[in-house]
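Report on the structure given below.
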There are 2 protein chains.
Amino acid sequence: MAERLNRASDRPAYRQIADRLRAEVARGDFAPGAQLPSESALEARFKVSRVTARRALSVLVNDGLAQSEHGRGYFLRTPPPVQRLSSDRFDSRDAGTEDAPVEVLFVGRGPVPAKMAERLGLVAGDDVIVRNRRYLLEGRPARSAVSYIPLDIAAGTPIAEEDPGPGGIYARMEEQGLTFDKYDEEVTARVATEEESRLLLLPGSTPVLQVVRTAFADGRPVEVCEAVMDAAAFVLDYSLPARRS
Amino acid sequence: MAERLNRASDRPAYRQIADRLRAEVARGDFAPGAQLPSESALEARFKVSRVTARRALSVLVNDGLAQSEHGRGYFLRTPPPVQRLSSDRFDSRDAGTEDAPVEVLFVGRGPVPAKMAERLGLVAGDDVIVRNRRYLLEGRPARSAVSYIPLDIAAGTPIAEEDPGPGGIYARMEEQGLTFDKYDEEVTARVATEEESRLLLLPGSTPVLQVVRTAFADGRPVEVCEAVMDAAAFVLDYSLPARRS
DNA sequence: GAGTGGTCTAGACCACTTC
DNA sequence: AAGTGGTCTAGACCACTCT
């Protein structure tokens, strides 16, 4: 028998169906990663057209609860393990604990984008060392990061190499005698671009967190890093000391 | 004459249309807030069905570029003025500069939600003072915030009143002799819930930034505040001092 | 081959806004 | 009344996955 919808309600059919699916998900009817009812299953169950069934499922997809796979079905999104990026994460580089698996996409010379040039005190188009990489979390890409480093700091050093060695590029900079002052971070959120969706294997248009970090050493900017991460997978932790009385 | 689409392309018609609209927007063909072509206009222009025209427009809506208004049309979203929340924003309370227009939605006693109880060292359901408010930015609601303050700190003080007075609740706490130690902030992003979309006047499902701040004074948590803001309108600024050698 | 989602069409009725 | 977006139907063809 067909499950009944309140067709007189203001709440459209597709939302009512989505509400029921959401409730079932919340109740634990589906294991993480489990397949949700197919479009045709919903058509039969609620006696609606395929478009309506699709719309209901797309609500869940849009909310980040589900994900569709062409030819396979709709699946409950496995909540990605939440990764906390805490504000003291730069303290750990000598300890060598910050070793998320990294996939290097590009390392080399290239022109600096306008937005980044400003932060580095350069002019748009100036050449810098570009380091583009992707961090994995339990085998899945979760974060992409692009760093821009002025040539006078990076050129001819391990910083311009694929593998900059233990402790990463910050350790190399310190070995050059640079002393870090501070890191400024600008946090924003938006929907992923199509390219980012591909890169991070995100469904459709899901939200991402974007962090633009400028590292300062000896009073000058020495690196700008733009990181884009699956918003569902990250919590950014910051601890702000109270101003002193 | 109908504008031609590449029907042989892998890129679906609705995306091609969306791409062209996006390009026109980028080129500045539409003023901020201006009306975009209507669904029927796109039907005629590209000789597609209404569903396809709709889909194209909904791509722009989904990306946060446009917004539909029932019975009126699709409009380019005015980029909301970006508000920067910097990490030193708590230093300004005596200066009285932190006076964004505020709309108080609720102030009173209420049970603390489980997630917040933990941070305050309380048990879920314990009563606390709840302060629910909405901040306006150029007349538009841009940020909602709910604070939870333990009763022993807030009950019977201006902190439990609608208007806590100049400098806000932090100033009142200091007057009680509390000395602030630090503020811990957890930043996440996600799509707005339906309720949040109503509260912040956001179209459909747009991304929001969520900041959960725990304020510590004299070694104990004295306030938890959950803020939800239109991601398009905010940049969060944090400055992290480098660890000292 | 059967089942799945992705795209598209041509129509319909409704609710809202504007004139 | 005319134009707009919001919902819904019944069908179609395609691409992908699985067995």
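Scope of the values below: all heavy atoms of this structure, side chains included, with no hydrogens, waters or symmetry mates. Every chain is numbered from 1, with letters handed out A, B, ... down the list of sequences.
Closest to the side chain of Y74(B), out of dG6(C), dG6(D), dT4(D), is dG6(D). Among the nucleotides dT17(C), dG5(D), dC8(D), the one closest to any side-chain atom of R72(B) is dT17(C). The side chain of E39(B) lies closest to dG6(D) when the candidates are dG6(D), dT7(C), dT7(D).
Side chains of Y238(B) and E185(B): a donor on one and an acceptor on the other come within 3.5 Å.
Remark: C1' of dC8(C) and CD of Q16(B) are 13 Å apart, rounded to the nearest angstrom. N6(B) has its CG atom 15 Å from the C1' atom of dT7(C), to the nearest Å. Rounded to whole Å, atom P of dC8(D) lies 17 Å from atom NZ of K47(A). Atoms CD (E43(A)) and P (dG5(C)) sit 10 Å apart, rounded to a whole Å. Computed from coordinates, the R54(A) CZ to dG11(D) P distance equals 18 Å when rounded to whole Å. In this entry the distance linking CG of L42(A) with P of dG3(C) reads 17 Å, nearest Å. Computed from coordinates, the L57(B) CG to dT4(D) C1' distance equals 12 Å when rounded to whole Å. Distance F46(B) CZ to dT7(C) P: 17 Å, rounded to the nearest Å.
In this structure, T52(A) does not reach the dT7(D) phosphate: none of its side-chain N or O atoms is under 4.0 Å from OP1 or OP2. Contact annotation: R50(B) side-chain N/O to dG11(C) OP1/OP2 distance is not under 4.0 Å. Between R55(B) and dT7(C), a side-chain N or O to OP1/OP2 separation shorter than 4.0 Å is present. Contact check, S49(A) against dA10(D): no side-chain N or O comes under 4.0 Å of OP1 or OP2. Applying the 4.0 Å criterion to OP1 and OP2 of dG6(D), one finds that S68(B) has a side-chain N or O inside that range.
Annotation: of the two residues near DNA chain C, V51(A) and E69(A), the 5′-most nearest-nucleotide partner is E69(A). Along DNA chain D, the nucleotide closest to P37(B) and the one closest to R7(A) are compared, and the more 5′ of them pairs with P37(B).
For R15(A) and dG6(D), a side-chain-to-base donor-acceptor distance below 3.5 Å is absent, hydrogens and geometry of angles not being considered.
Looking at R119(B) and E186(B), a side-chain N of the basic residue comes within less than 4.0 Å of a carboxylate O on the acidic one, giving a salt bridge.
Between E103(A) and the choices R140(A), R133(A), R143(A), R134(A), the salt bridge (Lys or Arg N to Asp or Glu O under 4.0 Å) rule is met once, by R134(A).
Judged by distance alone, the side chain of E118(B) and the main-chain N or O of K115(B) form no donor-acceptor pair under 3.5 Å.
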Just distance, no hydrogens or angles: give the donor-acceptor pairs under 3.5 Å from side chains in residues 54-62 of chain B, sequence neighbours left out.
{"from": "R54(B)", "atom 1": "NH1", "to": "E39(B)", "atom 2": "OE2", "distance (Å)": "2.7"}
{"from": "S58(B)", "atom 1": "OG", "to": "R55(B)", "atom 2": "O", "distance (Å)": "2.8"}
{"from": "N62(B)", "atom 1": "OD1", "to": "S205(A)", "atom 2": "OG", "distance (Å)": "3.1"}

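By the stacking rule of 5.5 Å between ring centres and under 30° between planes, H70(B) does not stack on the base of dG6(D).
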